[in-house]
Number of protein chains: 2
Amino acid sequence: MVSGIPLFRGLQHEQIELIVTSMADQMFDRGQTVLSEGETATGFFVLVSGRVKIFKLSPDGKEQILHLVCAGESFGEVPMFAGGHFPANAETIEKSRVFFFPRAAFLDLIQKDPSLAMNMLAELSRRLRQLTRLVEELSLKEVPGRLAAHILYLSNAGGGADEIELDITKGQLASLLGTIPETLSRILGKMSSQGIIAVQGRKVRLLDRKAIEDLSAGEKFVI
Amino acid sequence: MVSGIPLFRGLQHEQIELIVTSMADQMFDRGQTVLSEGETATGFFVLVSGRVKIFKLSPDGKEQILHLVCAGESFGEVPMFAGGHFPANAETIEKSRVFFFPRAAFLDLIQKDPSLAMNMLAELSRRLRQLTRLVEELSLKEVPGRLAAHILYLSNAGGGADEIELDITKGQLASLLGTIPETLSRILGKMSSQGIIAVQGRKVRLLDRKAIEDLSAGEKFVI
DNA sequence: CGGGTACTTGACAATGGTCAAGTGTGGTGG
DNA sequence: CCACCACACTTGACCATTGTCAAGTACCCG
C-alpha cells in the first residue's frame, strides 16, 4: 500500500519497510479537521482514500480553498522543511483514510535516498505551479473566467469529454474559485441562459467550448 | 562568491568547484527580461546583485507580482523538477547580475549531495508558504488590509522601526498587492488623512500601529 | 530646461459581496 | 412509507469596493 504512493516511487523495499514501521494509520469521518493553521508540525500526511480540502480562513469566517487533495497525494509537508508550523488548514470532505509520517524518520530517510528527495522536490514544484495559477486567476481574471478555466480543467482531466461532473458541492467550488455560492449560482445561470453550458445538479454539459475558452482567456462576459 | 549563496550552504569545496565550471555569469540592465512564462527551462538562476520581479501578465496587460527576488535568492527552479517550462515571467527592476546554472549538472549534483537537496526543499517550502499568504490576502482581504499587512511586514523586516522605506515604486507596490496605482494612491491618502500613517515620497511613518494591525487583521476601513 | 515617468485626483461604472427570503432535496426517524 | 428537518442552492434588491477613463501635477534625469 505504501509502495503504491507516488511520493515513494522508486524506493528500495527495505526503506519502505522502514517507513512503514514509523507511520500511523488514521481514519476520519467527513468534515473532520486533520491539521490546523499555526499548529506545530510533527510530521506530514498522505491521503490513502477519501478527499481532503486545504484552505485558509479569514477572521470573519470566509474560506479560500487552496487545494483539493486526491487519494495518493501528500499534504502538510511544508513545515518539514521550513517554518515548523502549518500554513493552512486541512479538513476531510469525505470519510478518509490518512497515513501520518513522523518528521524525524522521514527526514532521516530523505537524506539517504536521492530518489525520495527528487520525488518530494517534484511534488513541491507541482504545488508551486498550481498555487501560481491560483494567484493568477484570483488577481487577473474575473469570476466567469475562473469558472470557465475550472470547467475546461475538469473536461481535460476527463479526456476532453463534453459532459463533466463537479466532484464537490457548489459551495465548495465557490470557495475554490475565490467567490461565494450566490455569485457562482448567478454566473452558472447566465452561462446557461446564453447556451454556453447546461447545468443539471452537479452535471455540466459544455455546449459551446469556444465561448468557454474565450471566457477563460479573459474575454468579457456580456449578459 | 558561489559559496556565499544560501542555497549552496554546506556544500563541499570540490562540489562548489564543479558547479562553478558549469554556470554562466550574466548582466542585465533595468527592465530586461530574464525569463518568460512558457519558455522551456534549460536551468535556473541565482540573483547575485540587483533586483528581479517574478510576475504574471493578464491577456490585457495587467501585471501581478508574485515575488520580489533579493540578492542571494534563486528563481526559476520549478521547471527543473516539474513541468519543464517556466510558470511565470522574471524581469529586472534594477541593473542586476545573475548566475545561471544548467539543469543537467545541477540535477546531477543534487542527487549526490543530500544537503543541497535539503536546501532546495527548504527554499521551495518557503516559496509555498509565501504564495499561500499571497492567495490568502488576495482572496480574503481588501486592499487596505493587504497594504497594512505589507507595511507591517516592512516594519518587522526593519526591526520594528516606525519609519519604513518602500523599496519599489508605488506602481510596483500596487501590482504586488493585486491592485492598481490609482487605488493604492487613494488608500494611502485615506490612511494619511486619518492619521494612521504619514507618507512622504517612498517613506512611510507608522503613526498608529494598532490601527494598522487592525486593518491587517481584516478590520473594516471607514472613511 | 525639457520630456517622460510616476503619481494623484475626480467622475463614473461595474463587478461582486451582503442580506434576506425563498425553493428544492436527501436522509432520518416516527 | 411519509413527514420533516437540515442543508444546498437559487433569486432578488441593494450597495461597497475597486477598476476605468481622463486630466492634471510633481519629479527625476539627461
Side-chain angles (χ1 to χ4, degrees), chain A residues 29-31 53 58-64 93-95 137-148 165-193 197-204 215 218-223, chain B residues 29-31 53 58-64 93-95 137-148 165-193 197-204 215 218-223:
Chain A
D29 282 335
R30 192 187 106 146
K53 66 174 175 188
S58 77
D60 47 303
K62 201 194 158 192
E63 171 188 294
Q64 170 69 49
I93 58 175
E94 291 174 15
K95 193 166 189 287
E137 308 230 313
L138 287 174
S139 170
L140 302 176
K141 286 184 188 172
E142 296 167 355
V143 182
R146 296 178 221 158
L147 173 58
E165 173 113 22
L166 306 177
D167 44 0
I168 47 177
T169 70
K170 286 176 186 168
Q172 284 163 347
L173 177 56
S175 167
L176 186 63
L177 298 178
T179 184
I180 55 174
E182 291 97 318
T183 298
L184 176 61
S185 181
R186 281 181 242 272
I187 290 170
L188 281 171
K190 282 186 197 169
M191 288 174 72
S192 295
S193 69
I197 57 172
V199 184
Q200 219 163 27
R202 287 195 184 177
K203 281 197 169 50
V204 177
L215 274 180
E219 206 73 28
K220 282 283 168 204
F221 187 46
V222 199
I223 306 169
Chain B
D29 282 335
R30 193 186 106 148
K53 67 175 174 187
S58 76
D60 47 303
K62 201 194 159 191
E63 170 188 293
Q64 169 69 49
I93 58 175
E94 289 175 15
K95 193 167 189 287
E137 309 231 310
L138 288 174
S139 169
L140 303 176
K141 286 184 187 170
E142 295 168 355
V143 181
R146 297 178 220 158
L147 173 59
E165 172 113 21
L166 306 177
D167 45 0
I168 47 177
T169 71
K170 286 177 186 166
Q172 284 162 348
L173 177 56
S175 167
L176 185 64
L177 298 178
T179 185
I180 54 173
E182 289 97 317
T183 298
L184 176 61
S185 180
R186 280 181 243 271
I187 290 170
L188 281 170
K190 281 185 196 172
M191 288 173 71
S192 294
S193 69
I197 57 173
V199 183
Q200 220 163 26
R202 286 195 185 179
K203 280 195 169 48
V204 177
L215 274 181
E219 206 73 29
K220 282 282 167 205
F221 187 45
V222 198
I223 305 171

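Numbered from 1 within each chain, the chains take letters A, B, ... in sequence-line order.
In terms of the salt bridge (Lys or Arg N to Asp or Glu O under 4.0 Å) criterion, residue partners of Glu165(A) (sequence neighbours excluded) are, by chain and number, Lys203(A). Under the side chain to side chain contact (heavy atoms under 4.5 Å, CB included) criterion, Asp29(A) pairs with Gln32(A), Lys95(A), sequence neighbours left out. Legend: residues meeting side chain to side chain contact (heavy atoms under 4.5 Å, CB included) with Glu182(B), ordered by chain and number and at least two apart, are Ile180(B), Arg186(B). Listed by chain and residue number, nothing satisfies the salt bridge (Lys or Arg N to Asp or Glu O under 4.0 Å) test with Lys170(A) (two or more places apart in sequence, or in another chain). With sequence neighbours excluded, the residues satisfying side chain to side chain contact (heavy atoms under 4.5 Å, CB included) with Thr179(A) are Val143(A), Ala174(A), Leu177(A), Thr183(A). For Ser58(B), the side chain to side chain donor-acceptor pair (under 3.5 Å) partners at least two apart in sequence or on another chain are Asp60(B). By the side chain to side chain contact (heavy atoms under 4.5 Å, CB included) test, Glu142(B) is found to be paired with Pro144(B), Lys220(B), residues two or more places apart in sequence or in another chain being considered.
When rounded to the nearest whole Å, the span between CD of Gln64(B) and P of dG19(D) equals 11 Å. Between the CD1 atom of Ile187(B) and the P atom of dG19(D) there is a distance of 8 Å, given to the nearest Å. If you take CZ of Phe221(A) and P of dT15(C), they are 10 Å apart, rounded to a whole angstrom.
Position along DNA chain C of the nearest nucleotide to Arg30(B) versus Gly189(B) favours Arg30(B) as the more 5'-ward residue.
Separation of atoms CG (Leu215(B)) and CD1 (Ile197(B)) is listed at 9.5 Å; rounding is to 0.5 Å.
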Can you give me the N/O atom pairs linking the protein to nucleotides 20-30 of chain D at distances under 3.5 Å, or say none if there are none?
{"from": "dT20(D)", "atom 1": "O4", "to": "Arg186(B)", "atom 2": "NH2", "distance (Å)": "3.0"}
{"from": "dC21(D)", "atom 1": "N4", "to": "Glu182(B)", "atom 2": "OE2", "distance (Å)": "3.3"}

Pairs: protein N or O with nucleotides 21-25 of chain C N or O, under 3.5 Å:
none

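Heavy-atom minimum distance, Gln64(B) versus Leu138(B): OE1-CD2, 4.1 Å. Nearest heavy atoms, Lys62(A) versus Ser139(B): NZ-O, 3.6 Å.
Rounded to 10 degrees, the angle between the two end axes of the helix from dC1(C)-dG30(D) to dG30(C)-dC1(D) is 40°, with five pairs used at each end.
Other residues, nucleotides and ligands contribute over 12 non-hydrogen atoms within 6.0 Å of the CZ atom of Arg202(A).
For DNA chain D, the residues of residues 137-148 of chain B within the heavy-atom distance limit of 4.0 Å (strictly under) are Glu142(B), Val143(B), Pro144(B), sorted by number. Across residues 168-178 of chain A, Gly178(A) each have a non-hydrogen atom less than 4.0 Å from an atom of DNA chain C (numbered order).
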